[in-house]
Amino acid sequence: MKLQISSQLAVFAVLELYARREEQLSVAEIASKYEVSPHHLAKVMNVLGRSGLVRSVRGAGGGYQFAGNARRTTLLDIVELFENAGPAARNDEELAERTGEGRALLQVMKEIDDIARSTLGSITIATMKRLVAQHEVPGKTASALGAGRG
Amino acid sequence: MGDFEGAKKRMHEDLPTSSAAQGPHRTGSPGLHIRPATRADLDQVIALDEEVTNIAKPDYWRSLLDRRPGPEQFFLVATEAGASAARILGFMLGEIRAWEFGSEPCGWVYTLSVREDARLHGIGQALFDAMSDEFRKAGVSKVRTMVGRDSRLHMLFFRALGMMAGPYIELEKEL
Ligand SMILES: CC(C)(COP(=O)(O)OP(=O)(O)OC[C@H]1O[C@@H](n2cnc3c(N)ncnc32)[C@H](O)[C@@H]1OP(=O)(O)O)[C@@H](O)C(=O)NCCC(=O)NCCS
């Protein structure tokens, strides 16, 4: 399973805003930390804003702030804002339904989708934050990197 | 993927007792007592299990204690400390199994229930931590469990405790 770039950006942005939830971060700041296109990220932030997961703060020093419930929101909640379907549904359903081979392949792909959904749906932002900590390189924490480039 | 409305609702719902979750019952708090189950606990365990699973299985629970849990089996209950110590808030079963499916000995956690009115106070986590201690004392360094893919609550719970998918996949077939 491969996530769309938008989904990945959304997950990164939400994690960054949650980790620094006392602050307001600009799109440029977040984009520079993850070395991604600010233009693309701005579109992603709009969708996140509409979902209520983040709040945009206007005015000088304005930016985005985390506004969700980190212990309730899962990766699936974020990813679903950007992906309409898993790999099974991305296959041509009509082509698949026509033959035994197609239906068999669909069954296999659905098995993969079910596992992916269950995995994404059980990892909350709070759980993810703990996981991130395990992957962080000592001395190169997310915020240190962000501050260095931002 | 769908279920947008459900997802949106979840994102903004507050955990019922989210502030209490940092409260007095967090792991290792003096308000909570974890100990091995005894015969006197059976009626409450049976009732709590029936409440959660909707299936009464008194014989099963009795047989667990009749067998006297061996050194490789653990049956823990959580109670409040002090005056209300007789009231069981939750329980957990665990066992060390060796060489099943070619795996080295590891601790298995199976059957975990916390009384509904006591959830989100860290009792499940305290039981899990106590069970992990038992496993460590017995010399194993890995804990496993099996969770239904659709069992959201258990999934969220075990994930929150840092569990990730292991190297096995459960396969089955209609006979
Ligand atoms: C799963 C269960 C054991 C959890 O017990 P608990 O005492 O409420 O769990 P804890 O308070 O220790 O929670 C530990 C972590 O799990 C996660 N968690 C637990 N319940 C959650 C919920 N409803 N939603 C989201 N996360 C949850 C949280 O991350 C929590 O940590 P936090 O409060 O610091 O965020 C309990 O809900 C239960 O017994 N459920 C019944 C399950 C059932 O239906 N069984 C029938 C088939 S056997």
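A, B, ... follow the sequence lines: proteins, then strands. Residue 1 opens every chain. What you see is a predicted model; the values in this text were computed from it and never measured.
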Interatomic distance, A:T127 atom OG1 to B:M163 atom CE [nearest 0.5 angstrom]: 13.0 Å
Rounded distance (nearest 0.5 Å) linking atom CZ of A:R71 with atom CG of B:L120: 7.0 Å
Would you indicate whether [X], at its atom [atom1], is surrounded by more than 12 heavy atoms from other residues, nucleotides or ligands within a distance under 6.0 Å?
| X | atom1 | result |
| --- | --- | --- |
| A:Q107 | CD | no |
| B:K142 | NZ | no |
| B:D150 | CG | no |

Intermediate values then yes/no, side chain to side chain contact (heavy atoms under 4.5 Å, CB included), A:T119 and B:R159: CA-CA 9 Å; A:T119 302; B:R159 292 290 199 178; 3.4 Å; yes
Please check if [X] and [Y] belong to a single hydrophobic cluster, counting links between Ile, Leu, Val, Met, Phe, Trp and Tyr side chain heavy atoms closer than 4.5 Å.
| X | Y | value |
| --- | --- | --- |
| A:L131 | A:F12 | yes |
| A:L76 | A:V132 | yes |
| B:I46 | B:Y110 | yes |

Toward chain B, the part of A:I115 with a non-hydrogen atom under 4.5 Å: both
Nearest heavy-atom neighbours spanning B:R152 and A:R72: NH2-O, 4.5 Å
Shortest non-hydrogen contact between A:S122 and B:M155, atoms and distance: CB-CB, 3.5 Å
A:T74 and B:L156, any side-chain heavy atoms less than 4.5 Å apart: yes
